[in-house]
2 protein chains.
Amino acid sequence: MRRDVFQAIADPIRRDIIELLATETLSVNEVAEKFKISRPAISKHLKILNECGVIKFNQIGRVRLCLMQPQKLIPAFLWINQYNKLWENRIDSFENYINELQTKNEKK
Amino acid sequence: MRRDVFQAIADPIRRDIIELLATETLSVNEVAEKFKISRPAISKHLKILNECGVIKFNQIGRVRLCLMQPQKLIPAFLWINQYNKLWENRIDSFENYINELQTKNEKK
DNA sequence: TATAAGTGTAACCATATGGTTACGCAAATA
DNA sequence: TATTTGCGTAACCATATGGTTACACTTATA
């Protein structure tokens with residue numbers, strides 16, 4: 001099984017967990033409470049996130065704190081970002097098209 | 001099954017297909033030739049990419065051209081990009097830590 | 001018109017994913 | 001010490017993924 005950042009963010013629940021952990025460090029139970037699915041299901045997602053390196057655990061007594069490792073998102077950012085020129089050009093040409101339409105209408 | 005941009009880019013083969021189609025429009029066979037896996041396997045990946053909206057097909061006779069739809073990557077970009085302050089701060093604080101170490105060493 | 005080329009898809013397979021309930025165990029607490 | 005709390009994980013299930021080979025169909029070509 002693939003254990004990289006792209007796998008980590010492929011699941012919507014895992015993206016929501018990341019969103020939570022971006023602002024605060026939470027225990028496993030605290031994360032689980034935020035979702036409707038069972039605690040073991042959340043545990044599995046946390047395990048995958050950990051194996052993908054996106055979160056780290058910090059065990060304090062019987063409490064396991066989940067810490068986000070935001071640097072691990074960078075490769076995904078870089079991969080997607082290499083195409084932004086591509087979609088910007090698309091949007092530019094769309095805007096040009098809109099502008100053209102407007103110019104035509106103004107002429108009428 | 002989830003059919004969104006995050007699902008599209010979760011698989012390394014699909015990311016490679018996107019990389020190919022970013023620079024040129026290729027037929028299904030032309031895409032398949034670039035990989036070691038079978039043509040039906042590539043067909044499946046192309047189908048998923050299409051269902052995720054990341055590519056479009058343009059049928060010309062018996063040839064099916066695959067066109068990238070780069071705007072569909074934008075939601076993934078935006079999602080990841082919301083965390084760049086987070087990892088930049090991490091890197092900043094790492095750099096500060098390095099700088100501190102260097103300053104300490106210089107004082108010795 | 002017979003054949004080749006380009007492609008989809010069915011059938012199959014092994015494994016992964018994403019969920020559940022049930023249970024166990026260590027740490028904290030009464 | 002007995003009980004509660006926090007959590008992992010096993011066992012199970014349904015479905016998805018990612019690959020294969022075999023076959024069918026349409027379009028182009030000889």
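Below, chain A is the first sequence line, B the second, and so on; all start at residue 1. Remember, predicted model here, so these are calculated numbers, not experimental data.
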Polar-atom pairs under 3.5 Å, protein N or O versus N or O of nucleotides 21-27 of chain D: list them with distances, or write none.
residue : atom : partner : partner atom : Å
dT27(D) : O2   : R62(B)  : NH1          : 2.9

Report summary line: Between CD1 of I13(A) and C1' of dG18(C) the distance, given in whole Å, is 9 Å
Query raised in the report: For K36(A) and F57(B), take the nucleotide of DNA chain C holding the closest heavy atom to each; which residue's nucleotide lies nearer the 5' end?
Result: F57(B)
Query raised in the report: Can a side chain N or O of H45(A) be found less than 4.0 Å away from OP1 or OP2 on dG19(C)?
Result: yes
Query raised in the report: Distance check: side-chain N/O of Q7(A) vs OP1/OP2 of dT17(C), anything under 4.0 Å?
Result: yes
Report task. Starting at atom CD of E51(B), determine the distance to atom C1' of dT9(C), rounded to an integer number of angstrom. Result -> 13 Å
Query raised in the report: For I17(B) and dG19(D), what is the distance between atoms CD1 and C1' respectively, to the nearest whole Å?
Result: 13 Å
Report task. Calculate the interatomic distance between L46(A) atom CG and dT17(C) atom P; express it in whole Å. Result -> 15 Å
Requested in this report: Compare side-chain N and O positions of S43(A) against OP1 and OP2 of dG8(D) and report whether any pair is under 4.0 Å apart.
Outcome: yes
Query raised in the report: Linking I/L/V/M/F/W/Y whenever any side-chain heavy atoms sit under 4.5 Å apart, do V5(B) and M1(B) land together?
Result: no
Report summary line: Among dG6(D), dT7(C), dT9(C), the one nearest any side-chain atom of K47(B) is dT9(C)
Query raised in the report: With ILVMFWY side chains joined below 4.5 Å, transitively, what does V63(B)'s cluster contain besides itself?
Result: I60(B), L65(B)
Query raised in the report: Nearest-Å distance, CG (N29(A)) to P (dT4(D))?
Result: 17 Å
Query - Distance, rounded to the nearest Å, where I42(B) contributes CD1 and dT17(D) contributes C1' - result: 14 Å
Query - Between C1' of dC7(D) and CG of N58(A), the distance in whole Å - result: 15 Å
Report task. Ignoring backbone atoms, establish whether R2(A) has a side-chain N or O less than 4.0 Å from OP1 or OP2 of dG18(D). Result -> yes
Query raised in the report: Hey, does the side-chain of K44(B) have a donor or acceptor N/O within less than 3.5 Å of a partner on the base of dG19(D)?
Result: yes
Query raised in the report: Rounded to the nearest Å, what distance is computed from the CG atom of residue D11(B) to the P atom of nucleotide dA16(C)?
Result: 14 Å
Requested in this report: Show the numbers, then the answer: is there a side chain to side chain contact (heavy atoms under 4.5 Å, CB included) between N84(A) and N81(A)?
Outcome: CA-CA 5 Å; N84(A) 76 19; N81(A) 197 41; 2.6 Å; yes
**Report entry** Within-4.5 Å side-chain heavy-atom neighbours: H45(B) and I37(B)
**Finding:** yes
**Report entry** Contact under 4.0 Å: R14(B) side-chain N or O vs dG18(D) OP1/OP2
**Finding:** yes
Query raised in the report: Does the pair R2(B)/D11(A) count as a salt bridge with the N-to-O cut at 4.0 Å?
Result: yes
Requested in this report: Report yes if the side chains of I80(A) and W79(B) come closer than 4.5 Å at any heavy-atom pair, otherwise no.
Outcome: no
Query - Distance in Å, I48(A) CD1 paired with R14(A) CZ, rounded so as to fall on 0.5 Å steps - result: 4.5 Å
